[in-house]
Participant: 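Supplied in structure tokens, the structure appears directly below.
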Amino acid sequence: MTTQNTAPGTNRPTLVQQLGARKPIEAFMAEAGSGTGGPHLRRSLGLLHLTMISVGATLGTGIFVVLSSAVPMAGPAVWISFAIAGLAAMFAALSYAEMAGAVPVSGSSYTYTYATMGEGLAWICGWCLVLEYAVSVAAIAVGAGEYINEMTRTLGVDLPAALTNPPGYEGGVFNVPALAIVLFATVLLVRGTKESAMVNTVLVFMKIAVLIFFIVIAFSAFTSGNFDPLLPMGTAGVSAAAARLFFSYIGFDAASTAGEEAKNPQRDLPRAIVLSMVIITTLYILVAVSAIGARQWTWFSGKSAALVQLLEEVTGQSWVALLFAAGAVLAIVSIVITVLYGQTRILVAMSRDGMVPAVFGRISKSTGAPVAGTWITGGSVALVAGLIPLGQLADATSIGTLFAFSLVSLAVILLRRSQPDLPRTFKVPLYPVTPILAILFCGYLMLNLGSTTWIVFGIWMAVGAGIYLGYGRRKSKLAAQWDSRVKH
Ligand SMILES: NC(=[NH2+])NCCC[C@H](N)C(=O)O
């Protein structure tokens with residue numbers, strides 16, 4: 001190691017210069033593609049696997065539980081709430097599709113922000129992504145204990161609460177199912193991307209099958225009269241429910257973290273992102289329409305597991321509860337695989353820029369995966385999931401996610417202005433209306449989240465700023481090159 005670059009020379013940028021420093025897109029592409037300086041990620045994913053990564057990260061526990069709280073808010077028009085939330089998500093997804101096609105590397109919104117808005121916002125974005133990915137995946141894994149408990153109870157075995165809940169929550173000591181699922185995903189990811197993507201694809205098909213089973217059964221009890229009156233809670237109820245439902249659409253961006261492992265990223269990433277949104281929105285609206293068709297909207301209020309109860313009543317069978325609990329566990333496993341995958345790839349990109357330690361970017365020669373980084377990330381998430389009840393932090397993930405989404409839409413606009421001739425395999429329709437609407441939608445939903453959530457988010461960002469000033473600012477590769485740029 002030479003001491004030249006690390007010496008605090010007078011040529012280093014000032015804080016303001018460094019925060020605004022943008023890294024050229026050509027530099028991202030060269031680092032990602034060339035494989036200089038050691039093994040690099042392998043290109044093994046086609047359109048199906050990429051789409052299933054996004055569907056896997058999105059289609060989750062949300063849809064299994066959320067109807068019970070959304071139907072009383074919106075009435076039979078809840079399917080319109082799903083459509084509105086889906087539209088908001090689709091606007092953001094279109095922006096992701098354009099950026100992923102133009103800058104197909106693994107850092108997702110962190111990279112897009114670095115290229116268009118500078119290091120400061122890029123770090124903030126990367127730190128928000130840790131909320132969206134690592135923290136949210138731990139929060140989701142925590143729910144696994146509940147469903148596994150439900151499954152074993154149907155089979156006549158009652159697992160001790162001490163082993164299925166985090167400490168301080170219903171007599172819990174350690175949430176073993178949460179730990180086990182995260183470790184399973186970690187081991188799988190260490191073995192290789194292709195293997196993980198294959199397992200994920202199978203799991204996604206299974207969870208889609210459970211939802212289709214629900215849709216078919218519920219439609220068999222369809223009564224069109226249940227949709228009259230359509231708007232008993234007024235249009236305000238419909239939009240409040242839409243804000244609540246947005247959570248169930250988060251995750252479609254996961255494919256954009258696979259930029260360096262896609263066989264044909266320019267073509268397939270935009271397609272995978274848009275396709276996954278179409279699949280998810282269709283399924284959600286069908287679930288909502290069939291559920292309301294089967295039961296009057298007032299029936300849903302106060303039922304925590306409305307979908308399961310509905311199936312039990314319509315079929316008269318109790319094993320459907322087991323099927324649904326199994327569906328929820330499968331959903332959690334595939335979310336954990338895909339979201340953990342995304343987090344490790346974002347960290348690979350950040351480590352290349354010096355924003356996080358180099359160990360996160362070390363790719364194994366034999367598996368082509370960032371093995372050390374995956375163990376560190378998976379191990380930490382597993383411990384957090386087993387030990388910490390994540391209530392408040394989980395809510396803050398929505399703000400972090402929405403913030404990252406709005407940055408991506410802003411990046412679309414900035415990049416169209418700064419590099420109009422950059423090859424783009426996908427362009428958002430109705431530019432600039434679509435990205436502007438996406439930003440407005442995200443901002444509106446952020447404002448709708450409670451004040452405690454904002455405080456938690458503020459604390460999270462303050463911690464992030466501290467880490468940047470203590471680490472990223474000093475280690476930034478871009479700032480180090482600044483030195484040489486000025487010298488030569
Ligand atoms: N990238 C993520 N944070 N994915 C998980 C989001 C939660 C998922 N949409 C659900 O309904 O359960």
Participant: How close do Ala122 and Thr113 get, counting heavy atoms only, and between which atoms?
Facilitator: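 In this case the closest contact between Ala122 and Thr113 is N-CG2, 3.7 Å.
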Participant: Output all residues satisfying side-chain hydrogen bond (donor to acceptor under 3.5 Å, both in side chains) with Trp319, sequence neighbours left out; order by chain, then residue number.
Facilitator: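 For Trp319, the residues satisfying side-chain hydrogen bond (donor to acceptor under 3.5 Å, both in side chains) (neighbours in sequence not counted) are Gln317.
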Participant: Using the side-chain contact (heavy atoms from CB on, under 4.5 Å) definition, which of the options Val329, Val176, Thr164 pairs with Ile148?
Facilitator: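 Considering Val329, Val176, Thr164, a side-chain contact (heavy atoms from CB on, under 4.5 Å) with Ile148 is found only for Val329.
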Participant: In chain order, what residues pass the side-chain hydrogen bond (donor to acceptor under 3.5 Å, both in side chains) check against Thr367, with sequence neighbours excluded?
Facilitator: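 Thr367: side-chain hydrogen bond (donor to acceptor under 3.5 Å, both in side chains) contacts with Ser364.
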Participant: Can you measure from CD1 (Ile346) to OG (Ser109) and round to the nearest 0.5 angstrom?
Facilitator: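 Result: 6.5 Å between the selected atoms.
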Participant: After noting the C-alpha distance and the side-chain angles of Ile250 and Thr58, does the key distance pass the side chain to side chain contact (heavy atoms under 4.5 Å, CB included) rule?
Facilitator: CA-CA 6 Å; Ile250 292 175; Thr58 311; 6.0 Å; no
Participant: In Å and rounded to the nearest 0.5 Å, what is the CG to OG distance from Leu307 to Ser290?
Facilitator: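 Spacing of CG (Leu307) from OG (Ser290) equals 8.5 Å.
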Participant: State, with a plain yes or no, whether a side-chain heavy atom of Leu121 is found less than 4.5 Å away from one of Tyr114.
Facilitator: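 Answer no - side chains too far apart.
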Participant: Okay, side chain of Thr152, backbone of Val157: is any donor-acceptor separation there less than 3.5 Å?
Facilitator: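 Here the side-chain-to-backbone pair exists.
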Participant: For the residue pair Phe405 and Phe246, does the interplanar ring angle fall in the parallel (under 30°), tilted (30 to 60°) or perpendicular (over 60°) class?
Facilitator: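 Because their plane-to-plane angle is over 60°, the rings of Phe405 and Phe246 count as perpendicular.
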Participant: Hey, could you give me the CE/CE distance between Met198 and Met52, rounded to the nearest 0.5 Å?
Facilitator: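 Nearest 0.5 Å value for the CE-CE distance: 15.0 Å.
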Participant: Are any of the side-chain heavy atoms of Ile273 and Phe426 separated by less than 4.5 Å?
Facilitator: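 Not in contact.
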Participant: Just wondering, do Trp123 and Tyr110 contact through their side chains at under 4.5 Å, heavy atoms?
Facilitator: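 Not in contact.
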Participant: If we only count heavy atoms from C-beta on, is the Ile399 to Trp460 side-chain gap below 4.5 Å?
Facilitator: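 With C-beta onward as the side chain, the pair stays apart.
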Participant: Within the distance-only criterion (no hydrogens, no angle test), does the side chain of Trp454 pair as donor or acceptor with the backbone N or O of Met446 below 3.5 angstrom?
Facilitator: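 Looks like yes, one N/O pair under 3.5 Å.
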Participant: Looking at Ala97 and Pro270, what are the two nearest heavy atoms and their distance?
Facilitator: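 Residues Ala97 and Pro270, closest heavy atoms: O-CG, 3.5 Å.
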Participant: Between Lys207 and Gly60 (side chain of the first, backbone of the second, donor and acceptor by atom type, cut-off under 3.5 Å), is there such a pair?
Facilitator: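 Between the backbone of Gly60 and the side chain of Lys207 there is no qualifying donor-acceptor contact (under 3.5 Å).
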Participant: Could you verify whether a donor N or O on one side chain and an acceptor N or O on the other, from Ser44 and Lys263, lie under 3.5 Å apart?
Facilitator: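 Note: Ser44 and Lys263 side chains miss the donor-acceptor criterion.
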Participant: Quick check on side-chain contact (heavy atoms from CB on, under 4.5 Å): which of Thr281, Val289, Ile285, Leu286 does Phe82 satisfy it with?
Facilitator: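 For Phe82, the side-chain contact (heavy atoms from CB on, under 4.5 Å) test succeeds with only one of Thr281, Val289, Ile285, Leu286, which is Ile285.
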Participant: Does any pair with a residue in residues 185-199 pass side chain to side chain donor-acceptor pair (under 3.5 Å), and if so which ones, sequence neighbours excluded?
Facilitator: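 Output for this query lists Thr193-Glu261, Thr193-Arg345.
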Participant: Pair Arg153, Leu159 - check side chain to side chain contact (heavy atoms under 4.5 Å, CB included), show working.
Facilitator: CA-CA 8 Å; Arg153 218 176 292 135; Leu159 293 176; over 6 Å; no
Participant: Report yes or no: does Asn226 contribute a side-chain atom to a donor-acceptor pair with the main-chain N or O of Gly293 at less than 3.5 Å?
Facilitator: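 At least one qualifying donor-acceptor pair exists.
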Participant: Not counting sequence neighbours, which residues clear side-chain hydrogen bond (donor to acceptor under 3.5 Å, both in side chains) with Ser108? List them please.
Facilitator: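 Checked Ser108 against side-chain hydrogen bond (donor to acceptor under 3.5 Å, both in side chains); matches are Ser256.
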Participant: Quick check: does any side chain N or O of Ser54 sit under 3.5 Å from a backbone N or O of Phe252, one acting as donor and the other as acceptor?
Facilitator: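 Answer holds: yes.
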Participant: Kindly indicate whether the side chain of Trp127, heavy atoms from C-beta on, has any atom under 4.5 Å from the side chain of Ile467.
Facilitator: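 Yes - at least one pair of side-chain heavy atoms lies under 4.5 Å apart.
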Participant: What do the steps show when you test Leu283 against Ile212 for side chain to side chain contact (heavy atoms under 4.5 Å, CB included), and what is the final call?
Facilitator: CA-CA 8 Å; Leu283 276 172; Ile212 290 180; 4.3 Å; yes
Participant: Do Ile279 and Thr51 touch side chain to side chain, with heavy atoms closer than 4.5 Å?
Facilitator: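 Side-chain contact under 4.5 Å: yes.
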Participant: Quick check: does any side chain N or O of Ser106 sit under 3.5 Å from a backbone N or O of Thr257, one acting as donor and the other as acceptor?
Facilitator: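 Side chain of Ser106 to backbone of Thr257, a donor-acceptor pair under 3.5 Å: yes, one is there.
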Participant: Kindly give the heavy-atom pair with the smallest separation between Trp299 and Ala306, and that separation in Å.
Facilitator: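 In terms of heavy atoms, the two residues are closest at CH2-O, 3.6 Å.
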Participant: Which distance, rounded to the nearest 0.5 Å, do you find between the CD1 of Ile335 and the CG of Leu59?
Facilitator: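 Between Ile335 CD1 and Leu59 CG, I get 8.0 Å after rounding to 0.5 Å.
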Participant: Find out whether Gln343 and Val137 are in side-chain contact, i.e. whether some heavy atom of one side chain is under 4.5 Å from a heavy atom of the other.
Facilitator: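 When only atoms from C-beta onward are counted, Val137 and Gln343 do not touch, as no gap falls below 4.5 Å.
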Participant: Can you find a heavy atom in the side chain of Ile63 that is under 4.5 Å from one in the side chain of Tyr249?
Facilitator: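 Not touching, per the 4.5 Å side-chain cut-off.
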Participant: Sub-3.5 Å donor-acceptor pair from the side chain of Ser136 to the main-chain atoms of Thr397, do we have one?
Facilitator: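 No, the answer is negative, given that no donor and acceptor are paired below the 3.5 Å cut-off.
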Participant: How about Phe219 and Phe222: are their ring centres within less than 6.0 Å of each other?
Facilitator: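 Under 6.0 Å, so yes.
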Participant: Nearest heavy-atom pair of Val182 and Ala382: which atoms, and what distance?
Facilitator: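 Heavy atoms only, the tightest pair is CG1-N, 3.6 Å.
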Participant: Tell me the closest heavy-atom pair linking Met277 and Ala89, and the distance in Å.
Facilitator: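 In this case the closest contact between Met277 and Ala89 is CE-CB, 3.5 Å.
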Participant: So, Glu98 side chain and Val428 main chain: donor-acceptor pair closer than 3.5 Å or not?
Facilitator: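 Yes; judged by distance alone, with no hydrogens or angles, the pair exists.
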Participant: Decide side chain to side chain contact (heavy atoms under 4.5 Å, CB included) for Phe300 and Ser68; before the verdict, give the C-alpha distance in whole Å, the side-chain angles of both, and the deciding distance to 0.1 Å.
Facilitator: CA-CA 6 Å; Phe300 289 84; Ser68 324; 5.7 Å; no
Participant: I'd like to know if the side chain of Asn175 and the backbone of Val142 have a donor-acceptor N/O pair within less than 3.5 Å.
Facilitator: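 At least one qualifying donor-acceptor pair exists.
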Participant: Above 12 or not: heavy atoms from other molecules or residues under 6.0 Å from CH2 of Trp79?
Facilitator: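 Open: at most 12 neighbouring heavy atoms sit under 6.0 Å from CH2 of Trp79.
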Participant: Run the salt bridge (charged side-chain N to carboxylate O under 4.0 Å, His left out) test on Arg295 and Glu313 for me, step by step, so that the C-alpha distance in whole Å, both residues' side-chain angles and the decisive distance to 0.1 Å come before the verdict.
Facilitator: CA-CA 10 Å; Arg295 286 291 174 274; Glu313 283 188 24; 3.1 Å; yes
Participant: Any donor-acceptor pair under 3.5 Å linking the side chain of Arg43 with the backbone of Ala262?
Facilitator: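 Yes; judged by distance alone, with no hydrogens or angles, the pair exists.
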Participant: Between Tyr471 and Gly354, what is the shortest heavy-atom contact and its length?
Facilitator: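 Shortest heavy-atom contact: CE2-O, 3.6 Å.
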Participant: Could you check Lys303 against Glu312 for salt bridge (charged side-chain N to carboxylate O under 4.0 Å, His left out), going step by step and ending with a plain yes or no?
Facilitator: CA-CA 13 Å; Lys303 294 202 167 52; Glu312 278 183 332; over 6 Å; no
Participant: Write out all pairs satisfying side chain to side chain donor-acceptor pair (under 3.5 Å) with one or both partners inside residues 370-389, taking only residues at least two apart or from two chains.
Facilitator: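 Residue pairs passing side chain to side chain donor-acceptor pair (under 3.5 Å), neighbours aside: none found.
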Participant: Cut-off 3.5 Å, side chains only: do Asn200 and Tyr341 have a donor facing an acceptor?
Facilitator: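 No donor-acceptor contact under 3.5 Å links the two side chains.
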Participant: Assess whether atom CZ of Arg244 is packed by more than 12 heavy atoms of other residues, nucleotides or ligands within 6.0 Å.
Facilitator: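 No, the 6.0 Å shell around CZ holds no more than 12 heavy atoms from other groups.
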Participant: Under the rule for side-chain hydrogen bond (donor to acceptor under 3.5 Å, both in side chains), what residues qualify as partners of Ser95, not counting sequence neighbours?
Facilitator: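 Scan of Ser95 (side-chain hydrogen bond (donor to acceptor under 3.5 Å, both in side chains), adjacent residues dropped) gives Ser409.
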Participant: Can you tell me how far CD1 of Ile181 sits from CD1 of Ile140, rounded to the nearest 0.5 angstrom?
Facilitator: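 If we round to the nearest 0.5 Å, Ile140:CD1 and Ile181:CD1 are 11.5 Å apart.
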Participant: At what distance, to the nearest 0.5 angstrom, does CG of Leu203 lie from CD1 of Ile332?
Facilitator: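 Leu203 atom CG to Ile332 atom CD1 measures 12.0 Å (nearest 0.5 Å).
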